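Just so you know, these numbers come straight off a predicted model, no measurement behind them. Proteins get letters first, then strands, A, B, ... in listed order; numbering begins at 1 in each.
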4 protein chains.
Amino acid sequence: MTEQDSLITQLFDNEDELTDKQKKIIIAAIDSFSEKGYAATSTSEIAKKAGVAEGTIFRHYKTKKDLLLGIVAPTMAKLLAPFVIKDLYKVLDTKYENFEDFLRAMIENRVVFAKKNLPLLKILIQEIPFHPELKDQFFEHIIKKVFDRYVKVTEHYQEKGQIIDIPPQQVIRLTLTTIMGYLIGRYILFPNADWNDEDEIEATIQFLMRGLGITD
Amino acid sequence: MTEQDSLITQLFDNEDELTDKQKKIIIAAIDSFSEKGYAATSTSEIAKKAGVAEGTIFRHYKTKKDLLLGIVAPTMAKLLAPFVIKDLYKVLDTKYENFEDFLRAMIENRVVFAKKNLPLLKILIQEIPFHPELKDQFFEHIIKKVFDRYVKVTEHYQEKGQIIDIPPQQVIRLTLTTIMGYLIGRYILFPNADWNDEDEIEATIQFLMRGLGITD
Amino acid sequence: MTEQDSLITQLFDNEDELTDKQKKIIIAAIDSFSEKGYAATSTSEIAKKAGVAEGTIFRHYKTKKDLLLGIVAPTMAKLLAPFVIKDLYKVLDTKYENFEDFLRAMIENRVVFAKKNLPLLKILIQEIPFHPELKDQFFEHIIKKVFDRYVKVTEHYQEKGQIIDIPPQQVIRLTLTTIMGYLIGRYILFPNADWNDEDEIEATIQFLMRGLGITD
Amino acid sequence: MTEQDSLITQLFDNEDELTDKQKKIIIAAIDSFSEKGYAATSTSEIAKKAGVAEGTIFRHYKTKKDLLLGIVAPTMAKLLAPFVIKDLYKVLDTKYENFEDFLRAMIENRVVFAKKNLPLLKILIQEIPFHPELKDQFFEHIIKKVFDRYVKVTEHYQEKGQIIDIPPQQVIRLTLTTIMGYLIGRYILFPNADWNDEDEIEATIQFLMRGLGITD
DNA sequence: CATGAATGAGATTTCATTCAT
DNA sequence: AATGAATGAAATCTCATTCAT
């Protein structure tokens, strides 16, 4: 089982039962969309790469856009996953007694996720500006939910005196920005530079802790 | 003279003399490219928006891609501009005795630039991943030059004991990331949210100062 | 079954199975190319004449030039056919004991061929000077092979004392030139003049025999 | 003065006074037309090669076709020249007492002409099939006149008992065909093969003499 | 005379989508 | 379900020609 396969399995398999061809179509589409962008990818190219007939794509997805959405929607769901924990506070109290632990856990978790789902994330990032539906979905289902949770988390640690007293949304913006900045630079802009991941992640955490944390 | 006009004037006029139609083509192309992306914009659409025959576009730009490059290249040049100062140290010594002043000046300068050249920056950001030539140009002409300058600036302030002692490239990555993060969130992702720019910028500077600066 | 149909059947059908539309495209292309030349024929014109959507042409031939090559290549093959006989000498010994018989047979055979494939030959002759690929193909696959065979044939009859003793390549040049000259004048330059084919062919054979043969 | 220049001078200069630019246009057009064909040559290409503005071409020639005609017409005139001699019989009686001398003189003269005007002849040969006006002109002004003259010449030598007794038009067809065949093979189809011109011409003359002449 | 920007008709080519098999 | 030929609208690009300067 290839890396790609596992990705597909993880993201797509559990929802519906996908035929073999359908999986191949999705894999091919992810590959092309992430590399050339949605608009610059032709369905015939996807068909060829997937080893299916052109018509087969349209048997499963009414339009090309449907195919994009069929890829992006589950990606968003997964992106959201770690933030959708029911008893968040309990988790925080028991697992991450202080902010730094939480930050570290979150960053590491998301870095792993990013590494595994790089093409999918690229598609997400690159296509959102051009498709209002995506933008809306992203805003409605991701941003809001993550934001709400994260506001609570921030307040939680602010109450504990571990985060400086600025509006939670600023904390969130600066945190996410810093993490996304690392991921984009690392995996999208300069994937070929030689990175010492451990060092960079540590530096990033230290930077965030100094910028946002209170240490006595 | 419209806002757009002044942008064009600034960015494109001084290099070559552009005909009236050529200016209109550039304005229309910027508009469409930034809104729908390069691949999803048709030349006929640009021609119509510019009030020009489609053939006219191809008289000035041999291909559609040439048009993109003709827009992006000068943008890169301008993006680079503030970092290309000859006597950098003198400027630093006299104008920005401490890091915070420099940071503040730079951020404000780039925020103004971003506000004015938003569509151009959108095009730049959105198209770089899809066009290796752009990526190369960007890397060669922008990143390297800015990086070199900025390494020196960082070392300058590190010697003065105003920046913590970590590798300059980490300082740079974290700084640029934080600033870009602000700009992208502010102007590209959520331009319609209600932002209190002054507060956010101040928060960003404070965050950077805490994260990177040494204050005694 | 029309005349055209049989031509296509003969030349194109046996290689691959062509769809009905593809045949129509080929017939239309041959018609237009031979009449107006490749460069002056538009694909839309071919599509219209073939009763096919323009896109259909490009489904079968990636470019307009491919269409030309798809027509010309099999023509070359057929042109070559009569010269590709395995046991050439046996044929000569049994069927054509003397040079005149051979000459007569060859001329008649090629005249029939020319009459039947006139448009294709026109295309071949007219386009070869403009397309290096064609020229190369023609040289490599036709000229060389025909030439080699023909040198042997010439030597065969020279040994029998039926052809004058000059270099074989001169014999060949003069023979082909004379035959081609007749065909081009007859069918391409002045197809509408009133020709007495039998007389002309007989005169041509007599001319060649006097010019090249030895009769005791 | 270049070779090209002399060609132009000879063919075009004496008729009208041509400006410097006009000459350049003609030279460029001859070059491109002969190499790529009329239909595949763009006026802008000619303008560029000639070093003039696109508009300049149309100042001198109303249409692209006019340019072609402006090149081809004088070529035809020159092609005809040697046959337009008033007192043909006197010339024949005094200069060329026998057919072989005449043949030799004519071939040599036309070979020289062909060598010097190769591109022009290529254009003539290649474009005639596609332009009815050219065909008509060629037929009316060249073929007929040459034919008429040549019928008389043939009859002249037939009366003298030097040419076999077949219809003059057959003599003409076979003669021209043989000469053209040599020229086309020599200069158009295989200009790069190594030719021994003297030998080939001599062989051609001998061939014609054997095929058509009477030697006692 | 000369220029070259501008045009718009048309050429080649691409592509999402349909449909008969 | 799958195929792939066919479509026609639209995309990119070319080009002969015009015209203001």
Side-chain angles (χ1 to χ4, degrees), chain A residues 19-22 24-25 38-48 50-67, chain B residues 17-22 24-25 39-47 50-67, chain C residues 17-22 24-25 39-47 50-67, chain D residues 19-22 24-25 38-48 50-67:
Chain A
T19 66
D20 189 49
K21 305 238 166 193
Q22 213 166 341
K24 279 181 186 157
I25 290 169
Y38 168 78
T41 299
S42 74
T43 50
S44 84
E45 186 192 332
I46 294 170
K48 204 176 292 163
V52 299
E54 295 187 49
T56 308
I57 292 175
F58 292 92
R59 201 140 277 285
H60 295 290
Y61 303 92
K62 246 178 33 165
T63 64
K64 187 186 168 193
K65 190 143 211 172
D66 268 13
L67 176 56
Chain B
E17 278 130 37
L18 300 177
T19 66
D20 190 48
K21 305 244 165 187
Q22 215 167 340
K24 279 182 187 157
I25 290 168
T41 299
S42 76
T43 50
S44 86
E45 186 193 330
I46 295 171
V52 158
E54 207 165 349
T56 307
I57 292 175
F58 292 94
R59 169 152 282 277
H60 295 291
Y61 302 92
K62 270 209 326 221
T63 64
K64 188 186 165 194
K65 189 145 208 173
D66 264 17
L67 175 56
Chain C
E17 278 132 38
L18 301 177
T19 67
D20 190 48
K21 305 244 167 190
Q22 214 167 338
K24 279 182 187 157
I25 290 169
T41 300
S42 76
T43 50
S44 86
E45 187 193 330
I46 294 171
V52 158
E54 209 165 346
T56 306
I57 293 175
F58 291 93
R59 169 153 280 277
H60 295 290
Y61 302 93
K62 271 208 327 220
T63 64
K64 188 186 165 193
K65 189 144 207 173
D66 263 18
L67 176 55
Chain D
T19 66
D20 189 48
K21 304 240 166 192
Q22 213 167 340
K24 279 182 185 156
I25 289 168
Y38 168 79
T41 299
S42 74
T43 51
S44 85
E45 186 193 331
I46 294 170
K48 205 176 290 162
V52 300
E54 296 187 49
T56 308
I57 291 175
F58 291 91
R59 200 141 277 286
H60 295 290
Y61 303 92
K62 251 180 26 170
T63 65
K64 187 187 168 193
K65 189 143 211 173
D66 268 13
L67 176 56

Over all strands shown, is B:E54 touching base, sugar-phosphate only, or nothing at heavy-atom distances under 4.0 angstrom? base

Touch check for C:T56, heavy atoms < 4.0 angstrom, all strands: base, sugar-phosphate only, or nothing? base

With a 3.5 Å cut-off and no angle check, do the side chains of B:E54 and B:T43 form a donor-acceptor pair?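 B:E54 vs B:T43: donor-acceptor pair found between side chains.
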
From CD1 (B:I57) to OG1 (B:T63), nearest 0.5 Å: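 One gets 11.5 Å once the value is rounded to the nearest 0.5 Å.
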
Between CG on residue C:L67 and CD on residue C:Q22, distance to nearest 0.5 Å: 9.5 Å

When you check the phosphate oxygens OP1 and OP2 of [N], does a side-chain N or O of [X] lie under 4.0 Å from one of them?
{"X": "D:K21", "N": "E:dT3", "answer": "yes"}
{"X": "C:T43", "N": "E:dT12", "answer": "yes"}
{"X": "D:R59", "N": "E:dC1", "answer": "no"}
{"X": "B:H60", "N": "E:dA6", "answer": "yes"}

Do side-chain atoms of B:K64 reach the backbone of B:T41 as a donor and acceptor pair under 3.5 angstrom? yes

In whole Å, measure the gap between the P atoms of E:dC1 and F:dT21 for me.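 Looking at atom P only, E:dC1 and F:dT21 are 23 Å apart.
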
Could you say whether D:K62 or C:I57 is positioned toward the 5' end of DNA chain F, judged by the nucleotide with the nearest heavy atom to each?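 Per heavy-atom nearest nucleotide, the more 5' residue is C:I57.
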
Between E:dC1, E:dT12, E:dT18, which nucleotide gets closest to the side-chain atoms of A:F58? E:dT18

[X] has an atom [atom1]; how far is it from atom [atom2] of [N], in whole Å?
{"X": "A:D20", "N": "F:dT3", "atom1": "CG", "atom2": "P", "result": "11 Å"}
{"X": "D:Y61", "N": "E:dA2", "atom1": "OH", "atom2": "P", "result": "12 Å"}
{"X": "D:I46", "N": "F:dC15", "atom1": "CD1", "atom2": "C1'", "result": "12 Å"}
{"X": "B:Q22", "N": "E:dA6", "atom1": "CD", "atom2": "P", "result": "7 Å"}

